[in-house]
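The analysis underlying the following values was restricted to heavy atoms, covering all of them including side chains, and did not include hydrogens, waters or symmetry mates. Labels below follow one simple rule: chain letters A, B, ... track the order of the sequence lines, proteins then strands, and each chain is numbered from 1.
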Amino acid sequence: MKLGGLPNRAYNIVFHTHTVSGIVISFALYVIFFAGAYTLFRDEFYQWEDPKARQAIGNPVDYDALLADIKARHPSFDQSDDIYLYPPTEHKPVLSFLGHQKPKDKTEEDHFHAQFYPHNKEIKFEEESSTVGLTLYRLHYFDQVPFYIGRYVSGFVALFFLFAVLTGVLIHWRNIVTKFYGFSLKGSLKQIWTSSHTVLGLLGLPFQLMYAITGAYYMLSILILLPVVMVFFGGDQKKVLALLRPNEGIVLNEKSPKTNNNIRIRQSLEEIRAQYPDFKLKTINLKHYDRDDALMIVYGKDPNFFSGDGMITIQLKDGKKVVDMMPGNKTYVQSVLFGIAGVHFATFGGILLKFVYFFLAIVTCFVIISGVLLWKEARNKKNYTDKQKLFHHRVTMSYLAICFGLFPAVAILFMAEQVIPAGAKHINLVNSMFFLSWLMLTIIGLFWKTEARLTRNYLYTGGVLSIAIPIVNGLVTNDWLWKTLTNKQYYVAGTDLFWLGTGIICLASAIRFWQKPSTTLERNKEASLKT
Amino acid sequence: MPAKKVYLTSPGQRAIKIVTSILGGYFLSITFHVWLGVLLPTNGRNIVLLTSTFTLFFLWGVLMILPFLAKSAWKILGLYMLLILVFSVTIFYIR
């Protein structure tokens with residue numbers, strides 16, 4: 001079945017813009033999707049990356065006692081300023097704390113972090129001591145590039161990705177119905193890459209379109225805010241915030257008297273829990289905690305439905321609800337951003353949804369790679385000079401080396417987290433090791449002559465390193481796979497199993513690929529003779 | 001595959017088209033959204049503002065394609081500028 005496609009001139013123009021925009025963003029987009037795919041499971045592998053967190057969730061925390069304790073040990077703690085508490089969860093049974101201290105010089109605000117371990121009531125004044133999840137999360141919007149340049153670059157990559165998705169749909173509109181079942185591994189390399197690029201691109205279309213748009217929104221939201229604030233809100237940014245989160249609009253009196261008679265946090269939280277039994281707390285924000293007009297803002301999510309995010313603001317003086325944005329009470333305007341976050345971070349379903357997202361993200365990586373290979377193979381013809389062909393080959397090799405080198409580097413990142421001893425320099429060392437090994441792996445890849453050999457060698461390297469991950473975890477923390485499985489520490493065991501499975505799949509496909517390079521090369525030559 | 005060269009435009013025209021596509025696309029998309037908001041009462045404005053978090057980029061994407069299909073780069077640039085001007089003037093007087 002054929003649909004009416006574009007006329008000849010339009011087809012060729014759209015095709016060309018698709019090729020150019022695609023080739024320019026390809027490797028950056030690959031890195032975004034690859035790092036982002038792992039980031040989906042950031043919460044799930046938290047206990048793996050931080051062995052100190054491999055504990056049971058413990059008894060409910062007495063927040064008032066904790067804050068008093070922090071004040072006693074850290075006397076400059078300013079309880080009137082913003083306090084953030086991230087309650088322990090099943091994924092991460094550690095409570096994170098962010099508070100302010102009285103600034104040494106008055107121009108800057110000064111905050112400090114603490115981690116509280118409920119099972120033995122230990123408080124450590126430090127930021128999170130592990131980094132794998134954070135490093136991959138930041139990599140997926142190039143946050144390691146200084147001065148926010150990376151963020152804008154990734155925003156525009158998302159925008160051009162949107163452009164490539166839309167032009168791709170236009171190009172394949174004519175055959176869009178047959179593409180649903182048109183996947184084939186037969187024919188010349190060019191046909192294989194074409195078929196995988198178009199068929200998988202079509203199957204992943206809604207997913208990719210969603211990420212192009214939400215990704216562009218996250219990194220380029222200033223392009224909406226700036227003009228809208230100027231025109232609608234007279235340049236006052238606070239009014240927009242107050243619209244989205246009415247609690248931001250409440251003005252607290254800086255001279256309100258200090259008091260100790262406020263309602264206890266735990267009691268107030270239990271009242272919320274009684275009313276919304278499935279509501280899972282994510283963040284507690286306290287304002288003017290030690291004063292008369294203290295506010296407690298609680299954020300969380302009811303996992304039972306898509307729009308289950310919620311927020312409630314309580315006056316600690318008398319327990320009165322000041323702002324109620326709990327599930328079911330939100331307006332459209334208050335729901336949109338929660339919805340965008342839900343689809344972008346895959347938080348509207350369970351773990352199965354995350355696996356679907358992960359699979360689709362890897363499929364998207366494959367669509368990107370097959371696009372680059374298709375670009376090269378389509379130019380493997382007589383009407384291109386040898387010099388041009390060499391250029392196409394070199395570009396393809398560099399792109400593949402950057403993209404495929406990331407996979408073994410991620411495996412090294414996971415191992416570095418366990419191998420490098422804890423301490424003040426831990427996070428820096430782990431990150432340097434990750435980026436240096438990625439650089440090294442990329443440079444080595446350029447010497448592997450053909451695309452086929454390069455792919456195979458990276459599969460070997462990545463496969464061996466993946467299998468080493470559960471072994472390293474066992475050696476360093478003594479939590480071997482069989483131990484964590486019998487202890488029902490499923491998040492730790494799951495991470496080990498994931499890497500073990502990944503390693504076996506990679507090695508198996510590399511071994512199958514081992515006989516292939518010669519034949520693919522021959523087929524390559526045949527194909528180039530035919531065209 | 002690859003695209004046939006006969007259908008592609010000269011470098012000068014292409015440069016104008018690229019600028020129209022990226023910058024023109026953005027300004028046309030944002031002025032359209034703000035214009036739509038200006039025509040509505042406060043609550044409508046808020047709805048337009050929040051909806052634009054995704055529709056702004058979608059429309060921008062579509063407007064990025066159109067200039068490349070145009071026969072003359074100057075004409076499409078003129079059209080985009082005219083529309084941006086019309087929207088901006090309306091916004092300026094109604095807000």
Side-chain angles (χ1 to χ4, degrees), chain A residues 6 8-21 156 158-167 170 190 194 209-210 212-218 220-221 223-234 240 243-244 331-337 339-340 374-375 377-379 381, chain B residues 1-9 13-14 17-18 21-23 25-27 29-38 40-71 84 87-88 90-95:
Chain A
L6 294 174
N8 227 343
R9 175 178 168 274
Y11 179 87
N12 278 280
I13 290 172
V14 171
F15 198 106
H16 190 64
T17 55
H18 180 80
T19 312
V20 174
S21 60
F156 280 101
L159 184 72
F160 291 127
F161 177 44
L162 173 67
F163 180 80
V165 168
L166 294 176
T167 49
L170 286 176
K190 189 181 134 188
T194 312
L209 188 63
M210 178 277 287
I213 289 177
T214 56
Y217 158 71
Y218 275 120
L220 303 174
S221 57
L223 294 179
I224 303 175
L225 273 175
L226 217 57
V228 166
V229 168
M230 295 298 283
V231 175
F232 291 159
F233 298 92
V240 183
L243 168 72
L244 300 175
T331 61
Y332 168 79
V333 167
Q334 290 163 344
S335 307
V336 172
L337 297 188
I340 289 181
L374 171 58
W375 172 82
E377 285 303 323
R379 280 155 185 75
K381 287 187 200 166
Chain B
M1 208 186 302
K4 294 193 181 80
K5 288 250 165 64
V6 275
Y7 296 110
L8 307 179
T9 40
Q13 287 262 311
R14 200 181 300 163
K17 283 183 177 177
I18 291 171
S21 155
I22 298 171
L23 287 180
Y26 166 67
F27 283 109
S29 182
I30 190 75
T31 46
F32 169 75
H33 278 89
V34 175
W35 172 78
L36 204 62
V38 159
L40 297 168
T42 314
N43 190 38
R45 287 181 182 190
N46 295 344
I47 289 173
V48 170
L49 161 62
L50 266 297
T51 309
S52 71
T53 52
F54 48 95
T55 51
L56 175 93
F57 296 103
F58 191 82
L59 184 61
W60 190 357
V62 174
L63 292 173
M64 274 169 79
I65 301 174
L66 296 181
F68 294 105
L69 295 174
K71 288 248 161 65
I84 293 168
F87 287 138
S88 312
T90 336
I91 294 163
F92 186 77
Y93 281 105
I94 300 185
R95 74 174 174 145

If you round to the nearest 0.5 Å, how far is NE2 of His33(B) from CZ of Phe87(B)? 10.5 Å

Heavy-atom cut-off 4.5 Å, strictly under: side chain, backbone, both or neither for Phe233(A) against chain B? side chain

Would you say the side chain of Tyr332(A) lies within less than 4.5 Å of the side chain of Asn46(B), judging by non-hydrogen atoms? no

Under 4.5 Å, counting heavy-atom pairs only, tell me which of Leu170(A), Asn8(A), Thr214(A), Val165(A) racks up the most with chain B.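 With the most close heavy-atom pairs to chain B, the winner is Asn8(A).
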
Pairs of donor and acceptor atoms involving the side chains of residues 61-70 of chain B, under 3.5 Å and at least two apart or interchain, shall be tabulated with distances.
none

Given a strict heavy-atom distance threshold of 4.5 Å, which part of Leu209(A) is in contact with chain B: side chain, backbone, both, or neither? side chain

Heavy-atom distances under 4.5 Å only: say whether Ile47(B) touches chain A with side chain, backbone, both or neither.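 Both backbone and side chain.
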
Per-residue tally against chain B (heavy atom, under 4.5 Å) across Leu337(A), Leu223(A), Ile340(A) peaks at Leu223(A)

CZ (Phe27(B)) with more than 12 external heavy atoms under 6.0 Å: no

Pick one of side chain, backbone, both or neither for Met230(A), based on which atoms fall under 4.5 Å of a heavy atom in chain B. backbone

Under 4.5 Å from a heavy atom of chain B, the part of Ile224(A) involved: both

Flag the one option from Thr17(A), Thr19(A), Val228(A), Leu159(A) with the top tally of heavy-atom pairs under 4.5 Å to chain B.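 Among Thr17(A), Thr19(A), Val228(A), Leu159(A), the one with the most close pairs to chain B is Leu159(A).
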
Based on non-hydrogen pairs under 4.5 Å, which of Leu220(A), Val14(A), Leu225(A) is most in contact with chain B? Leu220(A)

Tell me, side chain or backbone of Phe156(A) under 4.5 Å from chain B's heavy atoms, or both, or neither?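 Interface part for Phe156(A): side chain.
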
For Thr51(B), is it the side chain, the backbone, both or neither that has a heavy atom under 4.5 Å from a heavy atom of chain A?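 Contact with chain A involves both backbone and side-chain atoms of Thr51(B).
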
Pairing residues for Ser52(B) by the side-chain hydrogen bond (donor to acceptor under 3.5 Å, both in side chains) criterion, not counting sequence neighbours: none

Beyond-backbone contact of Leu162(A) with Trp60(B), side-chain heavy atoms, under 4.5 angstrom: no

Against chain A, label Tyr26(B) side chain, backbone, both or neither, depending on which of its atoms sit under 4.5 Å from a heavy atom there. side chain

Sort Leu243(A) into side chain, backbone, both or neither according to what part of it lies under 4.5 angstrom from a heavy atom of chain B.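 Contact with chain B: side chain only.
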
Evaluation steps, side chain to side chain contact (heavy atoms under 4.5 Å, CB included), between Leu50(B) and Leu244(A): CA-CA 9 Å; Leu50(B) 266 297; Leu244(A) 300 175; 3.7 Å; yes

Kindly indicate, with the supporting measurements, whether the criterion side chain to side chain contact (heavy atoms under 4.5 Å, CB included) is fulfilled by Phe15(A) and Thr167(A). CA-CA 7 Å; Phe15(A) 198 106; Thr167(A) 49; over 6 Å; no

Just give me the residue among Thr53(B), Ile30(B), Ile22(B) that pairs up with chain A most often, heavy atom to heavy atom, under 4.5 Å. Thr53(B)

Rounded to the nearest 0.5 Å, how far does CD of Gln334(A) lie from OG1 of Thr331(A)?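 One finds 3.5 Å between OG1 of Thr331(A) and CD of Gln334(A).
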
Heavy-atom proximity to chain A below 4.5 Å, by part of Val48(B):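 Answer is neither: Val48(B) stays 4.5 Å or more from chain A.
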
Measure the CZ-CG distance between Arg379(A) and Leu374(A) for me, rounded to the nearest 0.5 Å.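 One finds 8.5 Å between CZ of Arg379(A) and CG of Leu374(A).
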
